[in-house]
Amino acid sequence: MDSVEIEPGVYVTNERCLLLKDEETVVIGDLHLGYEKALEDDGMYIPRVNTDSVRASINRILSKYEPKRVVLLGDIKHDFKRVKYEGKEDVKLIINLISEAAEVVVVKGNHDNYIQNIVAELGIEAVDYVDIAGYRLEHGHVDSGIRPVVIGHEHPSVRIPGAFSGGMKIQCFVHMRKEGVIVIPPFSFLSSGNDLSASHPETFMSSACKSCDVGDAELFGVTELGILPLGKLADISSIRI
């Protein structure tokens with residue numbers, strides 16, 4: 001299945017975006033544009049594929065859901081130390097693409113020190129959060145304490161043990177239903193997943209998640225076959241592939 005409704009009008013989707021259906025809003029986070037250039041500066045060279053992948057994925061989302069609003073939930077650019085020309089142009093390219101079809105809301109993440117300098121050229125003001133459909137939408141590196149909340153930042157993933165192999169790593173949406181916390185996966189396919197563990201709560205980075213009963217967190221994996229409900233984090237070790 002392409003999507004699962006986890007709260008009334010709130011859908012996790014296999015396009016790595018959260019859909020607030022009644023508000024005609026999609027939420028994506030952790031694009032990390034300019035990632036390849038940052039690696040090159042550290043002596044590691046990979047093909048320049050992240051921005052093209054992000055652009056293709058956003059085109060699919062705009063075509064499929066026809067949203068009126070797209071929220072970029074932080075860490076839009078990767079290099080938080082400085083504004084590089086390539087990262088700047090990548091950000092402008094993606095925002096201009098979205099702006100042709102929908103309103104763009106830019107929420108600042110911990111990598112977005114200079115994002116306001118970039119988006120100001122496009123007539124956009126970067127914000128720390130936005131409230132939509134009764135949800136606080138913020139990146140997650142700082143916890144406002146408002147609930148329910150949708151965050152990114154975690155890059156959540158889990159490892160599913162394999163009966164005859166080393167298993168599989170799956171990036172996922174995380175839903176702490178009782179506490180009102182929803183975590184979305186990174187939109188950049190180059191972003192590595194942060195393997196979560198109920199027995200090791202320190203694997204969670206955000207204060208919002210650390211304050212939750214993480215073992216009770218419901219997981220929804222993003223796979224080639226669609227959204228895969230994985231049950232609760234505390235039970236993940238009992239799943240076999």
Side-chain angles (χ1 to χ4, degrees), residues 4 6 12-18 27-36 38-39 42 44 46 50 53-54 57 71-81 107-113 137-144 149-162 166-177 179-224 227-239 241:
V4 173
I6 61 171
V12 296
T13 79
N14 209 45
E15 288 84 13
R16 295 173 180 265
C17 71
L18 189 80
V27 185
I28 61 178
D30 297 284
L31 283 70
H32 289 276
L33 299 171
Y35 184 80
E36 303 96 326
L39 290 180
D42 292 331
M44 185 181 301
I46 63 173
N50 188 46
S53 172
V54 167
S57 296
V71 178
L72 302 180
L73 201 60
D75 282 4
I76 298 153
K77 59 188 291 291
H78 181 75
D79 191 342
F80 57 86
K81 295 175 291 187
V107 175
K108 291 179 285 188
N110 54 298
H111 280 247
D112 294 325
N113 295 4
L137 277 60
E138 58 193 23
H139 180 62
H141 61 303
V142 177
D143 183 13
S144 67
V149 65
V150 178
I151 66 172
H153 187 56
E154 286 283 350
H155 295 205
S157 66
V158 290
R159 289 193 179 274
I160 309 298
M168 178 182 296
K169 178 170 181 163
I170 300 177
Q171 293 191 340
C172 55
F173 291 86
V174 181
H175 186 200
M176 280 88 158
R177 188 180 299 273
E179 296 88 353
V181 177
I182 299 171
V183 188
I184 64 175
F187 200 67
S188 167
F189 81 98
L190 291 178
S191 298
S192 60
N194 175 33
D195 292 341
L196 306 178
S197 170
S199 57
H200 297 282
E202 67 274 9
T203 55
F204 287 85
M205 298 186 295
S206 64
S207 297
C209 291
K210 289 179 178 179
S211 65
C212 298
D213 177 3
V214 296
D216 200 45
E218 300 170 34
L219 309 175
F220 299 87
V222 178
T223 77
E224 293 181 357
I227 286 289
L228 181 63
L230 298 172
K232 297 187 176 182
L233 181 59
D235 301 325
I236 205 71
S237 61
S238 64
I239 299 177
I241 57 173

request  = Using atom types as modelled and distance alone, determine if a side-chain donor or acceptor of N110 lies under 3.5 Å from a backbone N or O of D75.
outcome  = no
ask   = Atom NE2 in H155, atom OG in S188: separation rounded to 0.5 Å?
value = 8.0 Å
message = Is any side-chain heavy atom of P186 closer than 4.5 Å to one of Q171?
response = yes
inquiry  = Please check this pair: side chain of N14 against backbone of T223, looking for a donor-acceptor N/O pair closer than 3.5 Å.
reply    = yes
inquiry  = With rounding to the nearest 0.5 angstrom, report the CG to CD1 distance, L33 to I76.
reply    = 8.0 Å
ask   = Can you list the steps and then say if V214 with M176 is a side chain to side chain contact (heavy atoms under 4.5 Å, CB included)?
value = CA-CA 7 Å; V214 296; M176 280 88 158; 4.2 Å; yes
task = Give the intermediate values and the outcome of side chain to side chain contact (heavy atoms under 4.5 Å, CB included) for residues I170 and V222.
result = CA-CA 7 Å; I170 300 177; V222 178; 5.6 Å; no
query = Looking at C212 and V181, what are the two nearest heavy atoms and their distance?
reply = SG-CG2, 3.8 Å
task = To the nearest 0.5 angstrom, please state how far the CD1 atom of I184 sits from the CG atom of L137.
result = 8.0 Å
inquiry  = Is the shortest side-chain heavy-atom distance between F220 and P229 below 4.5 Å?
reply    = yes
query = Which value, rounded to the nearest 0.5 Å, describes the distance between D216 atom CG and H175 atom NE2?
reply = 10.5 Å
ask   = Are side-chain heavy atoms of I28 and R16 found at a separation under 4.5 Å?
value = no
inquiry  = Strictly distance-based, threshold 3.5 Å: is any side-chain N or O of D143 a donor or acceptor partner for the main-chain N or O of S206?
reply    = no
request  = Please name the pair of heavy atoms, one in G152 and one in L73, separated by the smallest distance, quoted to 0.1 Å.
outcome  = N-CD2, 3.8 Å
Test log, rule side chain to side chain contact (heavy atoms under 4.5 Å, CB included), inputs V12 and L18 = CA-CA 5 Å; V12 296; L18 189 80; 3.8 Å; yes
remark   = Closest non-hydrogen contact found for G215 with A198 is CA-CB, 3.7 Å
message = Which heavy atom of S57 sits nearest to which heavy atom of F187, and what is that distance?
response = CB-CZ, 3.5 Å
message = Could you check whether any side-chain N or O of R177 sits under 3.5 Å from a backbone N or O of I6, counting only pairs where one atom can act as donor and the other as acceptor?
response = yes
Nearest-0.5 Å distance, CD of residue E154 to SG of residue C209 = 4.5 Å
message = Quick check for you: to the nearest 0.5 Å, what is the distance between L72 atom CG and H139 atom NE2?
response = 12.0 Å
task = For the pair E138 (side chain) and V149 (backbone), establish whether a donor and an acceptor sit closer than 3.5 Å, ignoring hydrogens and angles.
result = no
inquiry  = I need the minimum non-hydrogen distance between F173 and T13, along with the two atoms involved.
reply    = CE1-O, 3.2 Å
query = Closest approach of P156 and V183, non-hydrogen atoms and distance?
reply = CG-CG1, 3.9 Å
task = Taking the side chain as every heavy atom from C-beta outward, state whether L233 and L196 have any pair of such atoms under 4.5 Å apart.
result = yes
query = Can you tell me if S157 uses its side chain to pair, donor with acceptor, with the backbone of K169 under 3.5 Å?
reply = no
